> 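One structure follows; several queries about it will come next.
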Amino acid sequence: MITRFRVKNYKCLGYVDFPLTPIHVIIGQNDSGKTSVLEAMCAMSKSTSCNNISEIFPGDWKGCELLNKSSDLNIIELDIFVDHIESDVNINL
């Protein structure tokens with residue numbers, strides 16, 4: 001079971017790290033990053049079976065639109081923690 005999810009430098013998400021429970025609810029104001037968190041989770045899931053970055057991230061994008069604008073790094077990091085085992089996926093754009 002996935003117990004924790006972390007995102008760095010994806011869209012409006014500079015750094016997000018939170019525990020996951022069997023039932024988890026994401027709430028917040030409009031334009032606060034809820035959809036970006038779900039897209040990052042979807043990208044993490046797709047990255048396990050696909051190597052094509054254009055298929056991993058949803059939507060119509062070109063270049064660096066997926067990177068957080070305040071970041072100096074050109075890397076999106078998606079991390080999951082599974083029962084005390086860390087699995088990292090680093091995607092370079």
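No experiment lies behind these values; they were computed from the predicted model shown. Computed from heavy atoms alone, side chains included, the values below leave out hydrogens, waters and symmetry copies.
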> Quick one: SG on Cys12 to CG on Asp31, what's the gap to the nearest 0.5 Å?
6.5 Å
> Nearest 0.5 Å, please: how far is CG in Asn74 from CG in Leu67?
5.5 Å
> Run the side chain to side chain contact (heavy atoms under 4.5 Å, CB included) check on Arg4 and Phe18 step by step: do they pass?
CA-CA 6 Å; Arg4 185 168 214 83; Phe18 56 92; 5.8 Å; no
> For the NZ atom of Lys46 and the CG atom of Asn52, what is their distance to the nearest 0.5 Å?
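Separation between the atoms: 11.0 Å.
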> If I take atom NZ from residue Lys8 and atom CG from residue Leu78, how far apart are they, to the nearest 0.5 angstrom?
11.0 Å
> Tell me every residue that passes side-chain hydrogen bond (donor to acceptor under 3.5 Å, both in side chains) with Lys11, counting only those two or more places apart in sequence or in another chain.
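If we apply the side-chain hydrogen bond (donor to acceptor under 3.5 Å, both in side chains) test to Lys11, skipping adjacent residues, the hits are Glu39.
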> Treating Ile, Leu, Val, Met, Phe, Trp and Tyr as nodes and any side-chain heavy-atom pair under 4.5 angstrom as an edge, say whether Leu20 and Val82 lie in one connected cluster.
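Yes, because Leu20 and Val82 connect within a single hydrophobic cluster, where side-chain heavy atoms sit under 4.5 Å apart.
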> If we ignore hydrogens and angles and just use 3.5 Å, is the side chain of Asn9 paired with the main-chain N or O of Ile75 as donor and acceptor?
yes
> Using the side-chain contact (heavy atoms from CB on, under 4.5 Å) criterion, which residues pair with Ile26? Sequence neighbours excluded.
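Expected list: His24, Lys34, Val37, Leu38.
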> Would you say Val16 ends up clustered with Leu73 if hydrophobic residues are merged whenever their side chains have heavy atoms under 4.5 Å apart, either directly or through other cluster members?
no
> If I take atom CD1 from residue Ile80 and atom OG1 from residue Thr48, how far apart are they, to the nearest 0.5 angstrom?
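Separation between the atoms: 8.0 Å.
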> So do the side chains of Arg6 and Tyr15 get within less than 4.5 Å of each other, counting heavy atoms only?
yes
> What is the distance from atom OG of Ser47 to atom CD1 of Ile76, rounded to the nearest 0.5 Å?
11.5 Å
> Evaluate Phe57 against Tyr10 for ring-ring contact (aromatic ring centres under 6.0 Å, His included), listing each step before the verdict.
CA-CA 10 Å; Phe57 290 100; Tyr10 180 65; 5.4 Å; yes
> Test your reading of the model: is there a side-chain donor-acceptor pair from Ser71 to the backbone of Asn68, 3.5 Å cut-off?
no
